[in-house]
Structures are given as C-alpha cells and as structure tokens.
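Inspection log for the structure reproduced underneath, given as structure tokens.
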Amino acid sequence: MKLSLLCVLALLCIAMAARSKVVEIDDSNFGDLKNQDAIVKFFAPWCGHCKTLAPVFREVAEVLDGEDVVVAEVDCTENRSLCSKFEVRGYPTVLFLHNGKKAATYKSQRTTDAIVNWTKQQIA
Ligand SMILES: *[C@@H]1O[C@H](CO)[C@@H](O)[C@H](O)[C@H]1NC(C)=O
Ligand SMILES: CC(=O)N[C@H]1CO[C@H](CO)[C@@H](O)[C@@H]1O
C-alpha cells in the first residue's frame with residue numbers, strides 16, 4: 001500500500017519535472033519559436049557562471065510553467081550559428097525573444113525571482 005503510493009508520487013514528480021523542463025534549442029527546432037515569446041539562455045558548458053545559472057533557470061522554467069512563454073537554452077559550443085546570429089558576446093547571455101527576434105537583454109540579478117519577474121513584464 002505504502003509502496004504503491006510512493007510509486008504514484010514518484011511518477012507524478014517525473015511527469016512534472018518533464019513538463020517544466022528548459023527546452024534545448026538548436027538550428028533544427030529554432031523555428032518552433034517563430035510565433036512565440038521565449039526567454040533563452042545562451043551558454044557554454046565550461047563557463048562557471050553558466051553552471052551557477054543552470055539550476056536557477058530550471059526553477060524559472062518550473063515557475064513559468066503554464067505562462068505563455070517558452071523557457072529555452074542554446075549551447076553555443078554546439079550551435080554557434082544561433083549564438084552569432086544573436087550576437088552573443090559573453091556567457092551566459094539571457095535574451096527575451098518575441099517571435100524569434102531579440103526583444104530585450106536581461107541584465108539584472110541571476111536569481112529565480114528576478115528573472116521570473118522580468119519575464120512576466122516582457123509578456124505582460
Ligand atoms: C518579484 O515580484 C514579486 C511580486 O510582485 C515581489 O514580491 C518580489 O519582491 C519581486 N522580486 C524581485 C527580485 O524583483
Ligand atoms: C548548425 C549546427 O551547429 N547545428 C548543430 C546544433 O546542435 C545539434 C545538437 O548537438 C547538432 O546536431 C547540429 O548539427
């Protein structure tokens with residue numbers, strides 16, 4: 001009885017985690033953003049500030065789950081063309097994209113609250 005309840009809870013957690021995942025964007029699926037708002041983190045795997053931001057960004061994805069905005073990331077070491085298209089000069093760079101075009105650059109604190117608030121302002 002207890003065991004099966006645990007299993008159900010575990011499955012729920014897995015389902016929820018999968019639902020609010022940060023979407024990985026590359027050239028092949030960038031087109032999916034063309035009619036959407038998105039907050040996108042451009043990063044490199046070796047960059048220290050990017051490693052710090054990664055769990056924060058996952059929280060942002062969870063908090064913004066259900067809002068009309070995609071939370072996504074681009075690995076600039078694997079997909080340079082997207083990063084040069086958006087003139088990414090340092091890592092991490094966080095941009096707000098409207099219909100696939102750069103609308104704003106995030107320059108504030110890298111905390112969940114601050115990023116979520118900023119994103120909500122962008123889509124308001
Ligand atoms: C984000 O917004 C909430 C609600 O408006 C506010 O309470 C909180 O202080 C804000 N946090 C930051 C970091 O701006
Ligand atoms: C243009 C380019 O570099 N595309 C790559 C983006 O990343 C994916 C996943 O690693 C590669 O499969 C693409 O070739």
Side-chain angles (χ1 to χ4, degrees):
M1 188 67 174
K2 253 187 201 154
L3 200 64
S4 60
L5 183 61
L6 270 179
C7 291
V8 170
L9 287 179
L11 280 176
L12 269 180
C13 290
I14 290 166
M16 284 167 70
R19 202 162 47 105
S20 53
K21 223 178 110 199
V22 178
V23 180
E24 285 179 36
I25 295 289
D26 59 33
D27 284 357
S28 68
N29 61 359
F30 181 72
D32 295 355
L33 300 182
K34 73 173 184 288
N35 295 316
Q36 289 200 291
D37 284 339
I39 176 166
V40 185
K41 176 189 68 168
F42 296 84
F43 74 104
W46 43 259
C47 128
H49 289 300
C50 303
K51 286 178 190 157
T52 313
L53 184 60
V56 171
F57 223 68
R58 281 196 291 273
E59 267 178 35
V60 168
E62 278 164 35
V63 177
L64 289 176
D65 187 29
E67 300 278 344
D68 201 7
V69 62
V70 178
V71 180
E73 64 183 17
V74 176
D75 182 340
C76 288
T77 61
E78 295 208 336
N79 286 95
R80 280 176 210 201
S81 55
L82 275 180
C83 298
S84 56
K85 172 179 165 157
F86 287 103
E87 300 174 322
V88 173
R89 306 240 186 275
Y91 306 127
T93 291
V94 176
L95 300 179
F96 181 81
L97 305 186
H98 178 66
N99 295 345
K101 298 207 171 64
K102 175 154 68 171
T105 305
Y106 186 73
K107 297 210 172 93
S108 197
Q109 292 175 306
R110 294 183 188 135
T111 61
T112 306
D113 267 8
I115 297 173
V116 165
N117 284 6
W118 183 80
T119 306
K120 285 185 174 165
Q121 279 170 27
Q122 302 302 316
I123 58 181

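When a ligand or atom number is given, it counts from 1 through the structure's own listing order. What you see below is based on every heavy atom in this structure, not just the backbone, and it leaves out hydrogens, waters and symmetry mates.
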Inset, instruction - Check for a donor-acceptor pair, side chain of Asp26 on one end and backbone N or O of Asp75 on the other, with a separation under 3.5 Å. - result: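 Not at all, since once roles are kept as given, no pair shorter than 3.5 Å links the two residues.
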Inset, instruction - Could you list which atoms of ligand 1 come closer than 4.0 Å to a heavy atom of Asp113? - result: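 Those atoms are 11 (N), 13 (C).
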Legend entry - Backbone or side-chain N or O of Asn117 under 3.5 Å from ligand 1 N or O: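 Yes, since at least one N or O of Asn117 sits under 3.5 Å from an N or O of ligand 1.
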Inset, instruction - Output yes when a protein non-hydrogen atom is found under 4.0 Å of atom 9 (O) of ligand 1, and no otherwise. - result: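 Within 4.0 Å: no protein heavy atom nearby.
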Legend entry - Contact bool for atom 4 (C) of ligand 1 (protein heavy atom, d < 4.0 Å):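 So far as the 4.0 Å threshold goes, atom 4 (C) of ligand 1 is out of reach of every protein heavy atom.
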Inset, instruction - Decide whether Asp113 and Thr111 meet the rule of one side-chain donor and one side-chain acceptor closer than 3.5 Å. - result: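 Not at all, the side chains of Asp113 and Thr111 share no donor-acceptor pair under 3.5 Å.
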Inset, instruction - Kindly indicate whether the side chain of Asp37, heavy atoms from C-beta on, has any atom under 4.5 Å from the side chain of Gln122. - result: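 In short, these two side chains do not touch, never coming nearer than 4.5 Å.
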Inset, instruction - Can you label the angle between the Trp46 ring and the Tyr91 ring as parallel, tilted or perpendicular, going by 30° and 60°? - result: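 Because their plane-to-plane angle is over 60°, the rings of Trp46 and Tyr91 count as perpendicular.
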